[in-house]
Each structure stands twice: as C-alpha cells, then as structure tokens.
Amino acid sequence: MIEIELDGKKVEVVEGSMVMHAAEKAGTYIPHFCYHKKLSIAANCRMCLVDIEKAPKPMPACATPVTQGMVVRTKSEKAIKAQQSVMEFLLINHPLDCPICDQGGECQLQDLAVGYGGSTSRYAEEKRVVFHKDVGPLVSMEEMSRCIHCTRCVRFGQEVAGVMELGMSHRGEHAEIETFVGQTVDSELSGNMIDLCPVGALTSKPFRYSARTWELSRRKSISPHDSTGANLIVQVKGQRVMRVVPLENEAVNECWIADRDRFSYEALNSDERLTAPMLKQGGVWKTVDWQTALEYVANGLRQVGTEHGAHSIGLLASPHCTLEELHLAVALMKGLGSPNIDSRLRQAEFTPAKGVRFLGTSIASLSELQRVFVIGSNLRKDHPLFAQRIRQAVRKGCVVSSLEDRAMDWAMPVANTLRADSSVWVQALADVAAAIAAEKGVVSPVAGTLKDSAKAIARSLLSGERKAVLLGNAAAHHAKASSLLALANWIGSQTGATVGYLTEAANTVGAQLAGVVPGPNGLNAGQMLGGGLKAMVLLGCEPEFDSAAGAQARTALGAADMVVSLSPFKANMDFADVMLPIAPFTETSGSFVNAEARLQSFHAVVQPLAETRPGWKVLRVLANLLNLADFGFDSSQEVLRAVPGVQVLPAGTVVLADRLSNATQATIDLSPANSKPAVAGIYQLDGVVRRAASLQMTSDARHSDEPQEVVA
C-alpha cells in the first residue's frame, strides 16, 4: 500500500493505482469524460487535470500513478484553471442544441460545463460539422458533431463486447468516430455504448425524441429473458415504458445489459398486446369480460375432467414466467388431479433430475476463471453477459475450450475447439474423457479416441486452478443430455472443475424449484405436444416457437377440445379457444431465479394495460372457480412464501433450500442422437423479444437461422 496526501487528507491505495483511484477511495470527485472504471485508461479528454506538488504542469488524474508521499490538490487554483481551459477547448465545436438533445438533463458535458465552463468563448470560428451515420436500428449516430472523442465507445467494443466496431478516423478537427467502411453496429451489447457516451453523440434510436429525461420515473426491475437475471431500471412516462437501462449490480450484471434486455420493451407497447379476454365462437374471436372467460375455462376443464379423466388435461408453462405463477400452475394441476405439467419445452430428453440444475458456481466467478470448457453453446448469443465475463477472464489469461457443431464467432480467443455434429457429441466428449484418463493414468468411464483436439482440451483442463465445465442450451436440449452431463461430471471430478448448466431462460432454475415437471405417470412436454390430450393450458408460451415440436405443435393442439392461452400477447390464435391477457414483467410483481440460483423479486413498474391482469391472480381466481383448496393468496409475496424450498426471512432475505445439484446417476450412451437440439436464436428466445420491432431489424435477427462463421 502507498500513502498519498489528497486535498489535505491521507489516503492509502494499492501500489500501481492512479490518482483517480485514490480520489474515488477518498470520496473526492474529479471531473472527467474519458475515464470509466470498467475500461482501460485513455487520458484523451484531459478534464481530470490536477495539481501535483513538484510537477511542472497539471497532470491527468486518470493516468498518473501514485507514489509514496505524493501531494495532490484537486481544487487548487492551478487545477481549476486547467480544468476550465480544457472545458473551453471541448466546447469550441460543440453544437448549441441542448434543447433538442436526448441527452439533455443527464449529460455529463452539460453538468460539468455549469461548473467549469465560461459564460463566453474566445473562439469565434465556424463550428465543424460531422455527417450523420446510419449504423443500424438500435444506436443513433445522427448528431456526431457533439462527439468529444473520449473513445469510451471504441474501448467498450474492444474490451467488453470483444468486437471493435467503432474507431476514430482522421486527425485534429477532422477526427470522427465511425464504423469501418460503412458497416452497422451489430454487437449484442451495443446499447451499452449509449450509456457510456458522456454527451449526446450516441443515443437510443427507438427512444429518440420520445420523452425528456426529467419526465421519466425510474423503477427497479429484473430482466425476464436469459438466465443472468440482469438488474434493470425501467423508465416510465405516465403508464408507458419508455426506456430500459442497467441498474448496477456487481455480482450479477455489473453495469451492463444485453440489447434484448434494453430494447425488448418495445413489445410491451405494440399492437400485438392482448388487452381483454377473448373467446373463439364459430371460428370468430370475440371480446368478453373476465367473469365470462374464466367461467368458460373452469366449466370446460371440469367437463373434460368428468368425461375423459383428469389425465386428459395438460399444462405447458414458459420458464420465463415468474416463480409465483409457476407455483400456482403446479398447485392448479394438482388440484385438478392431473400430473401433466412441464416447462422443459425445448428439451428432447426428460430423464428425472434429483436436484435442481444450475450454474454450479457464482456468476461473478466467471470473470476469474483460468480454464473453461463450454459444451454446446453459442455463448455470445445465448448468454451475452456470461460471455463478456468470460471475455474478461480471457484478458487475464483464461484458456477457453469448446465443443460445438459449427464455426462461430465468439468475439474472444478460443484456444481449443472440438467440432463435431451434435448427433455425436457424447462420443466427442468421451474422447476428451479418454484423453484426461490417459494423461492422469486412470481408467476412462467409456471408450474414446485420443484425438489431438481432445488431448489439447484435456491438457488445458488439467492445468490452472479456477476451472469450470459449462453445458449450454444445446447440451441441455440434446437428445442425450444426461449422457453429456454424466461425462461432464466425470471430467469435472478428474480436473477439479465445477460443472454446471448455463440455463436457458430467466426462470429455468425457478421452474425446477417450483416443481414444474410431470407427476407420477404424467406426460412431459414432448408427449403433450405429440397430441392426444383433450384440454391444454398454455401459460406464457407459444409452443410453435418455444418448443422442440415447432410447427407440429399447431397440429397437436388443434386437435384438442379446448386450448386456453394465458399470454400478454395475441398468441396461439390459430388453435386456442380462449385467450386470457396476463401481465408481462413490467406490470406484475414476482420473482425470477437466475442461473446461479439467486432469487430476485421485483414489483410492477406500470399498471396492467387495459383488462390485463397479473398471471398469479388469474390462476388464483380460476382455482377458486374450480373450488380448489389453499388458493387464498392476497399478494405475490404470500405465494412466494408458499413455494417449497423458499424461505422468506423477516428481514426480507430469501433463502433457497439446499436442493441444488448437477449430479446424475445416468449411464453413458455412446450411440448417435436421432435429433438436433432445439435452440432459440438470440432474438427468438421468448414472446417479448420476438415482438420488439427494433430487435427484429438487427443483423442477428435477420440471420438467426444461418451458421455464424468466424470473422477473420
């Protein structure tokens, strides 16, 4: 540790730290633009100039290392004059368009100009003009004359997103931030550049000119998409969601969110929203009141149960539903006497698991891994925030290995790649196990071939300290998923690596905790979508797009006597008989359990749209109409307390029972799989992102079904 004097106070900081770090520790604010705690130091803007004793001129706090006994003054006349001079330079070419700038009211330049800017400028020359650029549907570069060349966006692309999509061309007053040869910005994390921009040069294209920042209320929420559980701030005007930005949580999403977390809100305000209950009568949809719709559903389920037995009723629930909705769905089916319930919509194998499958480690620990073996995941597109954490680890020396079925651009160095058709992934993993066994001189669990690629992965996993074997969406949905898990566990035990699933959806782990799996002699999702059931309840899902059955689900569900769709959208209209509008995540309270089994609860940020109602309330009232016991819940918090394995302590802390386990007793089957894993594209994951107009115009959405070749 090194001790320095900062504005008369003694501050101890780690050797190698910069003056800016010491100021942060001391709680002293130094004005800056280019410095950001998550990015490398550029020292471009010079706004952080400070007075350092014995230095001949003011020095940039962000790029000046501390030395023992250093004396720093951040508010001396010398420092203030230097900062005021820099501000005068920054404003030479800045346009005077604050009244129409989307950044107005939350602009760093605007704020600091109040404290460090002059009332007049000595520069009367004509301001430069930078031509606007179209870089895609998400990020607006219409007013690049505002750019102050801090290069935060450039460094973000290089260091966090892994793709340098923006760079600075030319020099002096002709310098511009732009894409290479007119390309678009296609990173799945591109929206974070908007947050990083300290001026109004990069703004949100969907939000552009729709509201002023001081008109917006800010409310906390949780992302309903992938299993990161990213913390969000949802910005609301009236009862309409206008913008979504990250809420910093270092243990989960740091200060970043993926583009689908940021821009999917467009679907909440789309024409696709279902605003009132509807019944299909004579092939025509008619709007009805809630009482009529719920009584129709209750009478229909009761009649099907009487005529064909409770086993003829099934329920499919989306793993994007809240924990409370899933718990009540399980209780509803038990009350009806039906064991047919499932949330594993895209899985091909349904071997019962004794424990709840999860990440096997903490999300934060992904940034510190030294070795990682990813099995069956297009990591960058399936889990963008997990990918950026592993990208951080790679920058510190982590060695990444993968088992995949096609070439993919990971936006990070992948040292060892084992490429094989998904049908023979078990054999490919067996080869890695055999190579590890040969290196250690132990017996391999199954026969394998000592291929060079398998040997390289084996040597990698046998070195280093902090290691993980991670099974992706394709591995979880594989027809031989249990064999892959058994081999992964053996590899983990032999190499000292943790083993876990990246888990697909916001509540994949929560669905397991709630017990959304078939009861004794119950049908799984694949069997239910194979046809034969007389009544089906669809909770938040669209089987045609959300299940491995795909288009075949339409035929199977079309043959049922009654199909009830509970969704925020006009979904399943071709085969449903009843559509009940349930609230999306912004209009209901609830809880999600992310990949590391962190339970995060949230409140509604706006009132339900029109006749929309929270899903847990709809299920509760439906159960009451069916005269089922133990459904007297008055709040989602009461439902949460009733979930098995969840304990809500008086202080509000939520404790999950010790049910997490990735262990398996499955035998390893080396025969080829007879089907390919069903994996959703990045912007096809759920009904919300599928209806977000701007996301559907991105390159990823347009080419979601095409193989992603590695960019050289």
_Atom NZ of K81: over 12 foreign heavy atoms under 6.0 Å_ = no
*Identify the heavy atoms of A251 and I363 that sit nearest to each other, and give their distance.*
O-CB, 3.9 Å
_Per the side chain to side chain donor-acceptor pair (under 3.5 Å) rule, what does the pair list look like for residues 187-197, sequence neighbours excluded?_
E188-R380, E188-K381, S190-D259, N192-R262, D195-R262
*For H320, enumerate each residue passing the ring pair (Phe, Tyr, Trp, His ring centres under 6.0 Å) test, keeping only those at least two apart in sequence or located in another chain.*
none
*Electrostatic pair E215:R212 at N-O distance under 4.0 angstrom*: no
*Set of side chain to side chain donor-acceptor pair (under 3.5 Å) partners for E176, sequence neighbours left out*: K133
*Who pairs with Y35 by ring pair (Phe, Tyr, Trp, His ring centres under 6.0 Å), at least two apart in sequence or on another chain?*
H32
*With sequence neighbours left out, which residue pairs that include part of residues 30-44 fulfil the salt bridge (charged side-chain N to carboxylate O under 4.0 Å, His left out) condition?*
K37-E248, K38-E250, K38-E254
Output side-chain donor-acceptor pairs under 3.5 Å for residues 61-73, partner residues at least two apart or in another chain, one line each.
{"unit_1": "T64", "atom_1": "OG1", "unit_2": "P60", "atom_2": "O", "d": "2.6"}
{"unit_1": "Q68", "atom_1": "OE1", "unit_2": "E3", "atom_2": "N", "d": "3.3"}
{"unit_1": "R73", "atom_1": "NH2", "unit_2": "E53", "atom_2": "OE2", "d": "3.1"}

*Qualifying residues under side chain to side chain donor-acceptor pair (under 3.5 Å), relative to Q84, sequence neighbours excluded*: none
*Which residues satisfy the side chain to side chain donor-acceptor pair (under 3.5 Å) test with Q158, sequence neighbours excluded?*
none
*Do any pairs count as a salt bridge (charged side-chain N to carboxylate O under 4.0 Å, His left out) and have a residue in residues 366-375, sequence neighbours left out, and if so which ones?*
E368-K396
_When you compare the side chains of Q600 and N231, does any donor N or O come within less than 3.5 Å of an acceptor on the partner?_
yes
_side chain to side chain donor-acceptor pair (under 3.5 Å) contacts in which one or both residues fall within residues 42-51, not counting sequence neighbours_ = N44-T151, D51-S76
*What pairs meet the ring-ring contact (aromatic ring centres under 6.0 Å, His included) rule with one or both residues in residues 374-409, with sequence neighbours excluded?*
H383-F386
*Selection residues 148-170 - residue pairs positive for salt bridge (charged side-chain N to carboxylate O under 4.0 Å, His left out), sequence neighbours left out*: none
*Should we say atom CZ of F89 is surrounded by more than 12 heavy atoms from elsewhere, each under 6.0 Å from it?*
no
